[in-house]
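After the structure tokens below, expect a handful of questions from me.
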Amino acid sequence: MSQALKTPVLNALYARPGSESDARSLATLVANTGMAQPVIEHLRFKPETSAVARIVDAARDRSGAASQPWWFAAYAPSETNKAGKLLKRADQTGYPLFTALLPDDPRTSVFCGPIGLDRMLFKALAEIKAVDPRGQVDGTVLSYNPWRRVVFKRAGDSGESSVVRVWAEPPATAPLLSALHQLGAPVLPVTGMTQHSIEQPWITGGDFTERLAADVAATGGAVSGVTTSDSGAAGDKVSGGSATGAAATVALSPSDLLPAVAEAVTRLHNIDPAALVSMTQEVLHSGMPGALGQKLAVPGVNPVTALQGAANGLTCFLADLRGRFETVADDVLRAIAENPGAAVLSHGDLSADQVVLGEDGAPLLIDFDRMKMAPIGYDLGDFAAVELLSGRDSSTAMALAEAYRRVPGTGVVTDESVRAWTAFHVLLRVTEAFRNLDPDCVNHARQRVDLAHAVLRGKVE
């Protein structure tokens, strides 16, 4: 690793030789969270500026403890104003804030604190009265991306539970979610909305990932009952968190569910974006709280810009891999251009854990922060990439694409398009191993670039 590890705090986070004293300081710092086994993950790094990450309890899955994640932040000397604001806010609220001194870099300000003291989410959470006196979110945290977003389950006064999403900067598509449900998309209704949050019902059917994992565990291999003759291509979630409850009332197998999942995706793709925007504008004129003043638009996809951003992120950690990355990226972009396809209203982050199941087993799609106009292959390729990177094989993704083609009224999607977009989404995730402080992140990054190349050539089974 290269540029990033010129920073002492990152040397300590990655446990590089010579950083032992700083690593001990960080271990003492995160012990203040009270977690049984605190682990720093989901790192974002700006050279010579800051490092922000999430702290989770690695013992959570084993103990069932409900420890909420905390944030971790390190600021360079040039960012003392931000460090000062954190200290001031902690003093005003009484929420716990802990600091550490790095022996090898005493000028860097290092902190950790609860979600209630999140620098960018503080006001939005206060607006909906979602923080308790300890600075913790008043509910069960399902996902948390420090400085950006938190999703949590909250119990209502009537005993009904809901899921609340709070953003530091709401996505441009946030006001569209209510109309999306009204137009017949398989999504949860919006029951509450502010400038920086939405609230939706909590459902107890579990998600598609849980079904896939259980099926693979039971069969010891590929998902049972999933076969295909195709020769085509194959997140900020808190560990242990789920966007729904446990098991569904109707226990269908993954292979039984695939046609319904494909139909749900098709229904979304068939929504007219112009009608979606028009209906939302009508709602805004009727005074829907929180949505006024936001630009109404469904953004498009720009694969060149997206892959350029991934390449830049890679340079911070492993500059000598950038050449290989860009060679594969050029091949991917060429394949996308050769298989364009008509743009449809796309989920933008489709994976098995974004498909939840109602009590009747009917699939619903959640988490539309990245909704966009994109070719059909974009969503199907995203689903396939996540399946491959999860350790499962490509059979489920291939079967989903085939089931999609069988739904009446769908657009045309070729194997080549799905392969191209699958490779695209694999490349976008090359830096995930770095961000999660994987000790073998260099090899894993290389493997993902190689995987993208293999997917593009149709060499992944």
* Asked: Is H181 close to L188 at the side-chain level, that is, under 4.5 Å between some pair of heavy atoms?
  ->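 Sidechains of H181 and L188: no contact.
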Side chains of residues 296-304: which donor-acceptor pairs under 3.5 Å do they make with residues two or more places apart or in other chains?
from, atom 1, to, atom 2, distance (Å)
N302, OD1, V304, N, 3.3
N302, OD1, T305, N, 3.1
N302, OD1, T305, OG1, 3.3
N302, ND2, T305, OG1, 3.1

* Any donor-acceptor pair under 3.5 Å linking the side chain of D207 with the backbone of V355? ->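 Not at all, since once roles are kept as given, no pair shorter than 3.5 Å links the two residues.
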* How about T194 and S197: does a side-chain donor come under 3.5 Å of a side-chain acceptor? ->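 There is such a pair (donor and acceptor under 3.5 Å, judged by atom type) between the side chains of T194 and S197.
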* **Set of residues satisfying side-chain hydrogen bond (donor to acceptor under 3.5 Å, both in side chains) with respect to R148, sequence neighbours excluded** =>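 Once residues adjacent in sequence are excluded, R148 has no partner under the side-chain hydrogen bond (donor to acceptor under 3.5 Å, both in side chains) criterion.
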* Measure the CH2-OH distance between W71 and Y144 for me, rounded to the nearest 0.5 Å. =>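 Here the interatomic distance stands at 7.5 Å.
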* Name all pairs fulfilling the side-chain hydrogen bond (donor to acceptor under 3.5 Å, both in side chains) condition that reach into residues 82-102, sequence neighbours left out, sorted by first residue then second. =>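 Of all non-adjacent pairs touching residues 82-102, those that pass side-chain hydrogen bond (donor to acceptor under 3.5 Å, both in side chains) are E79-K82.
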* Asked: Any donor-acceptor pair under 3.5 Å linking the side chain of R435 with the backbone of L43?
  ->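 A pair under 3.5 Å: yes.
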* To do: Would you check if K153 and V164 make a side-chain contact, meaning some heavy-atom pair closer than 4.5 Å?
  =>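 Not in contact.
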* For S278 and A275, indicate whether the former's side chain and the latter's backbone hold a donor-acceptor pair under 3.5 Å. =>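 No, the answer is negative, given that no donor and acceptor are paired below the 3.5 Å cut-off.
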* **Residues in side chain to side chain contact (heavy atoms under 4.5 Å, CB included) contact with S78, at least two apart in sequence or another chain** =>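 Listed in chain order: A76.
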* Could you tell me whether a side-chain N or O of D382 sits under 3.5 Å from a main-chain N or O of L350, the two making a donor and an acceptor? =>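 Such a contact is found between D382 side chain and L350 backbone.
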* Using 4.0 Å as the upper bound for N to carboxylate O, is an ion pair formed by K123 and D118? ->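 No, this pair does not count.
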* List for me each residue that meets side chain to side chain contact (heavy atoms under 4.5 Å, CB included) alongside D104, sequence neighbours excluded, and say none if there are none. =>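 Scan of D104 (side chain to side chain contact (heavy atoms under 4.5 Å, CB included), adjacent residues dropped) gives S21, D22.
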* Identify the two heavy atoms, one from A36 and one from D57, that lie closest to each other, and give their separation to 0.1 Å. =>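 Heavy atoms only, the tightest pair is N-OD2, 3.2 Å.
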* Asked: Looking at CG of L321 and CZ of R324, how far apart are the two atoms once the value is rounded to the nearest 0.5 Å?
  ->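 Between atom CG of L321 and atom CZ of R324 there are 8.5 Å.
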* Quickly, which of Q136, R134, K129 forms a side-chain hydrogen bond (donor to acceptor under 3.5 Å, both in side chains) with D132? Name it, please. =>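 Testing D132 for a side-chain hydrogen bond (donor to acceptor under 3.5 Å, both in side chains) against Q136, R134, K129 leaves exactly one candidate, R134.
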* First locate atom CZ of R322, then atom CG of D320, and finally report the distance between them rounded to the nearest 0.5 Å. =>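 Taking CZ in R322 and CG in D320, the distance rounds to 12.5 Å.
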* Minimum heavy-atom distance P69-V56, with the two atoms named ->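 Answer, listing the atom of P69 first, then V56: CB-CG1, 4.1 Å.
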* Asked: Does anything in residues 263-279 pair up under salt bridge (charged side-chain N to carboxylate O under 4.0 Å, His left out), and if so which pairs, sequence neighbours excluded?
  ->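 Matches after skipping sequence neighbours: none remain.
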* To do: Can you sort out the partners of V110 under side chain to side chain contact (heavy atoms under 4.5 Å, CB included), two or more places apart, ordered by chain and number?
  =>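 Scan of V110 (side chain to side chain contact (heavy atoms under 4.5 Å, CB included), adjacent residues dropped) gives L26, L29, F72, A74, A100, L102, T108.
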* Residues which pass side-chain hydrogen bond (donor to acceptor under 3.5 Å, both in side chains) with E20, listed by chain and number, not counting sequence neighbours ->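 Expected list: none.
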* Asked: Looking at side-chain heavy atoms only, is the closest gap between L180 and M371 below 4.5 Å?
  ->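 The answer is yes, as the side chains (C-beta and beyond) meet within the 4.5 Å cut-off.
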* Compute whether any side-chain donor of one residue and acceptor of the other, for N436 and E432, lie under 3.5 angstrom apart. =>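 The answer is no; no qualifying pair exists.
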* Ring geometry between F424 and W421 (parallel below 30°, tilted from 30 to 60°, perpendicular above 60°) ->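 The rings of W421 and F424 stand perpendicular, inter-plane angle above 60°.
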* side-chain hydrogen bond (donor to acceptor under 3.5 Å, both in side chains): which pairs involve residues 368-380, sequence neighbours left out? ->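 For residues 368-380: R149-D369, W167-D369, H269-D379.
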* Quick one: salt bridge (Lys or Arg N to Asp or Glu O under 4.0 Å) partners of R154, sequence neighbours excluded? ->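 With neighbours one apart ignored, the set is E199.
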* Asked: Looking at side-chain heavy atoms only, is the closest gap between L365 and Q354 below 4.5 Å?
  ->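 Counting from C-beta outward, L365 and Q354 never come under 4.5 Å.
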* To do: State, with a plain yes or no, whether a side-chain heavy atom of F152 is found less than 4.5 Å away from one of V137.
  =>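 Counting from C-beta outward, F152 and V137 do come under 4.5 Å.
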* Please round to the nearest 0.5 Å and tell me the distance separating atom OG of S394 and atom CG of L388. =>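 The OG atom of S394 sits 6.0 Å away from the CG atom of L388.
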* **V166 side chain reached by I128 side chain, heavy atoms, under 4.5 Å** =>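 Yes, close enough: below the 4.5 Å cut-off.
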* To do: Please identify each residue that fulfils side chain to side chain contact (heavy atoms under 4.5 Å, CB included) with A260, with sequence neighbours left out.
  =>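 So A260 forms a side chain to side chain contact (heavy atoms under 4.5 Å, CB included) with P363.
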* To do: Determine whether V30 and F98 make a side-chain contact, defined as any pair of heavy atoms from C-beta on separated by less than 4.5 Å.
  =>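 Side-chain contact under 4.5 Å: no.
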* Asked: What's the spacing between T28 OG1 and L101 CG if we round to 0.5 Å?
  ->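 That separation rounds to 11.5 Å.
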* Asked: Is the CD atom of E160 crowded by more than 12 outside heavy atoms at less than 6.0 Å?
  ->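 Atom CD in E160 is not crowded, with 12 or fewer foreign heavy atoms closer than 6.0 Å.
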* Asked: Got a sec, which residues hit ring pair (Phe, Tyr, Trp, His ring centres under 6.0 Å) with F208, two or more places apart in sequence or on another chain?
  ->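 Partners of F208 by the ring pair (Phe, Tyr, Trp, His ring centres under 6.0 Å) criterion come out as none, since no residue qualifies.
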* Asked: Atom CD1 in I198, atom CD in Q195: separation rounded to 0.5 Å?
  ->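 Between I198 CD1 and Q195 CD, I get 13.5 Å after rounding to 0.5 Å.
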* Shortest non-hydrogen contact between M35 and S67, atoms and distance ->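 Minimum heavy-atom separation between M35 and S67: CG-CB, 4.2 Å.
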* Okay, side chain of H444, backbone of V430: is any donor-acceptor separation there less than 3.5 Å? ->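 Absent.
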* Student check: side-chain heavy atoms of L364 and L357 closer than 4.5 Å ->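 When only atoms from C-beta onward are counted, L357 and L364 do not touch, as no gap falls below 4.5 Å.
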